[in-house]
Amino acid sequence: MASEPSAKSRAWPLFDAIVTTADSRGRNPWTPDPGGDPRFRPDYATLEKLLAVPLLLGASSQSGVPALAIDVWVAYELRRAGLDPDAVWPREQAPRVVDRDVLRFIESLPKPQRAELIARLERGSVSSASANILGKNYLKQVDVLMTSWQTGPELLISTKRMDSSFGKNAANRVEESYGDAKNLALRHPLAALGFVYSLRSTAYTQERYHFDWLVDLLTKLGREDDAYDACALIVPEWEGIELPDEPDTVPEPEVPELFPELLAGPDPEDEPGLFELDLPAAPTEVAAPVKAVPIDRLPTVRLRHDLVPDELSPARFFTEMLTIVLYNSTVAQHRQARALRESARQ
């Protein structure tokens with residue numbers, strides 16, 4: 001008997017349909033700024049639709065779908081900016097995490113071999129569902145990034161989302177963010193390092209003190225020299241649908257997540273014959289087949305831009321992050337992204 005598809009596998013077809021049919025998908029996101037360099041204009045309409053998917057599915061925070069909606073949008077905006085779509089993870093199609101050079105090698109193969117390898121990638125036999133990047137002291141799962149074998153990580157973005165229990169978990173989330181930023185920044189000083197935080201509007205209407213406190217901490221977090229280059233705040237608002245509450249406390253990271261090498265065993269090269277075994281790999285999150293994608297029945301989600309200070313606006317966030325990426329690379333790299341940004345100059 002086939003197992004029930006997970007919430008993420010049911011969400012991916014909805015996310016993909018929203019992104020591929022977005023009205024702003026092919027438009028230049030850069031706009032002229034009379035006061036200086038071009039400014040990035042995010043596609044907020046698409047973000048509102050993506051944020052509605054967890055509500056449609058009734059997906060709790062533990063399912064990972066609410067947070068994944070933010071990741072999908074951030075990656076979508078980076079592709080709109082002209083960055084290599086295969087280098088930005090999560091990718092727009094399965095496999096979501098795989099090096100672009102691997103994909104280009106597969107594309108150079110004859111059609112039969114190409115189809116077989118793509119199928120293996122989609123099944124997760126040689127790819128992963130998430131990206132773990134080594135920081136100074138431990139591996140960290142990064143939610144959205146741009147990397148390749150040739151360059152290493154050029155852009156690293158962590159995302160967090162809180163829809164309830166603001167007073168219980170706010171301090172834990174911010175403490176995690178400070179530690180993650182320090183860990184990644186020390187090993188990858190030239191990578192653009194960002195943090196996107198989604199906070200439901202009820203934090204403002206019901207727990208104003210905690211809302212103001214979090215906004216202040218996020219603002220300061222983006223000003224630290226050895227932390228994030230930029231931080232962004234998203235404040236979604238919806239009515240009539242309640243998702244399960246978050247746990248009272250954020251569980252401590254397990255040893256396998258931070259230090260998987262401790263439990264991974266000896267290096268395969270030290271064990272003759274290991275590669276002769278047909279060992280199963282951890283499966284990736286494969287989208288569940290659906291007969292119809294009901295994106296026309298999405299609940300209504302609005303963004304409260306009036307509650308977001310300019311220093312934490314997504315527009316400023318993407319402007320800063322992309323500027324750093326282009327500044328820290330040569331003119332021979334990211335040519336499409338450079339052309340889009342330059343065309344918006346007055």
Side-chain angles (χ1 to χ4, degrees), residues 1-21 46-76 88-98 118-132 139-145 157-165 169 173 196 198 200 236 238 241-247 249-254 256-258 260 279-299 301:
M1 182 176 179
S3 60
E4 190 72 17
S6 69
K8 279 189 177 180
S9 66
R10 290 185 291 121
W12 270 117
L14 297 170
F15 289 147
D16 293 339
I18 291 169
V19 167
T20 55
T21 60
T46 294
L47 174 58
E48 291 175 339
K49 292 180 180 179
L50 292 171
L51 291 171
V53 170
L55 303 179
L56 179 68
L57 299 178
S60 66
S61 60
Q62 281 81 4
S63 71
V65 175
L68 184 59
I70 306 295
D71 302 345
V72 171
W73 179 67
V74 173
Y76 159 73
V88 175
W89 303 344
R91 297 176 64 249
E92 205 167 48
Q93 58 272 129
R96 307 294 173 173
V97 176
V98 64
I118 288 294
R120 289 175 65 92
L121 284 173
E122 291 178 348
R123 290 196 303 269
S125 55
V126 290
S127 61
S128 173
S130 59
N132 294 310
L139 282 170
K140 172 67 177 69
Q141 180 178 322
V142 179
D143 301 297
V144 183
L145 70 156
I157 298 176
S158 296
T159 64
K160 297 287 184 184
R161 177 167 175 169
M162 288 188 67
D163 295 333
S164 62
S165 305
N169 291 330
R173 295 294 172 86
V196 178
S198 175
R200 188 180 175 184
W238 69 85
I241 302 176
E242 295 299 328
L243 297 178
D245 287 340
E246 298 195 12
T249 58
V250 177
E252 291 294 327
E254 297 179 359
E257 180 181 349
L258 296 179
L279 298 176
T284 59
E285 193 69 49
V286 179
V290 291
K291 294 182 179 179
V293 180
I295 58 175
D296 57 335
R297 296 191 285 109
L298 290 171
V301 176

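Bear in mind that the values here come from a model prediction, so they are computed numbers and not experimental data.
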With sequence neighbours excluded, residues passing side-chain hydrogen bond (donor to acceptor under 3.5 Å, both in side chains) with Thr46: Asp43

Side-chain ([X]) to main-chain ([Y]) donor-acceptor, under 3.5 angstrom:
{"X": "Asp71", "Y": "Val144", "answer": "no"}
{"X": "Thr21", "Y": "Ala17", "answer": "yes"}
{"X": "Arg161", "Y": "Pro66", "answer": "yes"}

May I ask you to test the [X]-[Y] pair for a side-chain heavy-atom distance under 4.5 Å?
{"X": "Leu51", "Y": "Ile70", "answer": "yes"}
{"X": "Asn132", "Y": "Lys140", "answer": "no"}
{"X": "Leu298", "Y": "Val53", "answer": "yes"}
{"X": "Trp238", "Y": "Asp163", "answer": "yes"}
{"X": "Val301", "Y": "Leu55", "answer": "yes"}

Testing the basics here: between [X] and [Y], what is the closest heavy-atom pair and its distance to 0.1 Å?
{"X": "Pro299", "Y": "Ala52", "answer": "O-CB, 3.3 Å"}
{"X": "Leu56", "Y": "Arg297", "answer": "CD1-O, 3.8 Å"}
{"X": "Ala59", "Y": "Ser63", "answer": "CB-OG, 3.4 Å"}
{"X": "Ile18", "Y": "Lys49", "answer": "CD1-O, 3.6 Å"}
{"X": "Leu57", "Y": "Ala7", "answer": "CD1-O, 4.1 Å"}
{"X": "Pro90", "Y": "Trp12", "answer": "CB-CH2, 4.2 Å"}

Would you sort out whether Val196 and Val74 count as a side chain to side chain contact (heavy atoms under 4.5 Å, CB included), showing the intermediate values? CA-CA 9 Å; Val196 178; Val74 173; 4.3 Å; yes

Take Val19 and Val72 through the test side chain to side chain contact (heavy atoms under 4.5 Å, CB included) and record every step on the way to the result. CA-CA 8 Å; Val19 167; Val72 171; 3.8 Å; yes

Rounded at 0.5 Å granularity, tell me how far CH2 in Trp73 sits from CG in Leu47.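 Those atoms lie 5.0 Å apart.
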
Step-by-step side chain to side chain contact (heavy atoms under 4.5 Å, CB included) determination, Val65 to Phe15: CA-CA 10 Å; Val65 175; Phe15 289 147; 4.1 Å; yes

So, using side-chain contact (heavy atoms from CB on, under 4.5 Å) as the criterion, who are the partners of Ala67 when residues are at least two apart?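 Partners of Ala67 by the side-chain contact (heavy atoms from CB on, under 4.5 Å) criterion come out as none, since no residue qualifies.
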
